[in-house]
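A short write-up of the structure that comes next.
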Amino acid sequence: NAGVTQTPKFQVLKTGQSMTLQCAQDMNHEYMSWYRQDPGMGLRLIHYSVGAGITDQGEVPNGYNVSRSTTEDFPLRLLSAAPSQTSVYFCASSYSFRSTEAFFGQGTRLTVV
Amino acid sequence: QQQVKQSPQSLIVQKGGISIINCAYENTAFDYFPWYQQFPGKGPALLIAIRPDVSEKKEGRFTISFNKSAKQFSLHIMDSQPGDSATYFCAASISGNQFYFGTGTSLTVIP
């Protein structure tokens, strides 16, 4: 039982490049979400999914796309990276949309130069 | 606009002392208030949580105090230990819906 697994752990991108941050959970959780963590800003919700095939925007969705084709996986796509997207990204999952405990992955540190 | 305001930004406490972190919110619809603990290089992990129908919740050395009328809640760590050194985030949500996190408090417990 690995919990929430994020890959890669570190990534450096050039401005304009695209990439996908991977997130997988093996707890059969319905609810998955992506946060970014910036100094002095806490964690801010980017996108979330209440189940396979269903996604919605969070607090800071611009510049990011998501999809949820399976219960286990919830990738986050940056189509054209910008320096403002330099951050630490966390994926989280919960048993269901109304569950109160979120389980976080270990994070992906992304630098856009 | 920060939905949940957290202070202080950093805190240094002697071993055995009490660590206190405060949070305030405006949205009275919030009904779930968790605290998360994050160690360097790790994701946040749920530490303790409270609902507004109680004024205090205690789990071991960790206590949440909740003041509904003032729209404030705080985390108290009794007998603080060096192993408690971490970043602490308060958060608020409506029935486990979208969580709004505070900006975090970096706690250092000096041996």
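Chain A is the first sequence line, chain B the second, and so forth, proteins listed ahead of strands; every chain is numbered from 1.
- For B/Gln6, no part lies near chain A; criterion is any non-hydrogen pair under 4.5 Å.
- B/Ile94 and B/Phe73 fall within a single hydrophobic cluster, where Ile, Leu, Val, Met, Phe, Trp and Tyr side chains are chained together by heavy-atom contacts under 4.5 Å.
- Taking the six-membered ring for Trp, B/Phe99 and A/Tyr35 have ring centres at least 6.0 Å apart.
- Annotation: the span from A/Phe90 atom CZ to B/Gln38 atom CD amounts to 4.5 Å, rounded to 0.5 Å.
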Could you walk me through whether A/Glu59 and B/Gln3 pass side chain to side chain donor-acceptor pair (under 3.5 Å), step by step? CA-CA 11 Å; A/Glu59 193 180 353; B/Gln3 294 267 358; over 6 Å; no
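- A/Phe74 and A/Val88 fall into different hydrophobic clusters, where Ile, Leu, Val, Met, Phe, Trp and Tyr residues are linked whenever their side-chain heavy atoms come under 4.5 Å apart, directly or through other members.
- Rounded to the nearest 0.5 angstrom, B/Thr103 OG1 and A/Asp38 CG are separated by 12.0 Å.
- For A/Ala102, the parts lying under 4.5 angstrom from a heavy atom of chain B are both the backbone and the side chain.
- Remark: the backbone N or O of A/Leu45 is not paired with any side-chain donor or acceptor of B/Tyr100 at under 3.5 angstrom.
- Heavy atoms of B/Pro44 lying under 4.5 Å from chain A belong to its backbone as well as its side chain.
- The greatest number of non-hydrogen atom pairs below 4.5 Å with chain B, out of A/Gly58, A/Gly105, A/Gly42, A/Pro39, is found for A/Gly42.
- Annotation: A/Arg109, atom CZ; neighbour count of heavy atoms from other residues, nucleotides and ligands within 6.0 Å does not exceed 12.
- With rounding to the nearest 0.5 angstrom, the CD atom of A/Gln37 is 7.5 Å from the OG1 atom of B/Thr87.
- Annotation for B/Gln9: atom CD does not count as buried by contact number, only 12 or fewer foreign heavy atoms lying within 6.0 Å.
- Sparse packing is recorded around CD of B/Glu26, with 12 or fewer heavy atoms of other residues, nucleotides or ligands lying under 6.0 Å away.
- Hydrophobic clustering (side-chain heavy atoms under 4.5 Å, transitive across Ile, Leu, Val, Met, Phe, Trp, Tyr) groups B/Ile21 together with B/Ile50.
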Validation: residues 5-12 of chain A side-chain donor-acceptor distances under 3.5 Å, sequence neighbours left out:
| residue | atom | partner | partner atom | Å |
| --- | --- | --- | --- | --- |
| A/Gln6 | OE1 | A/Cys91 | N | 2.9 |
| A/Gln6 | OE1 | A/Gly107 | N | 3.1 |
| A/Gln6 | NE2 | A/Tyr89 | O | 2.9 |

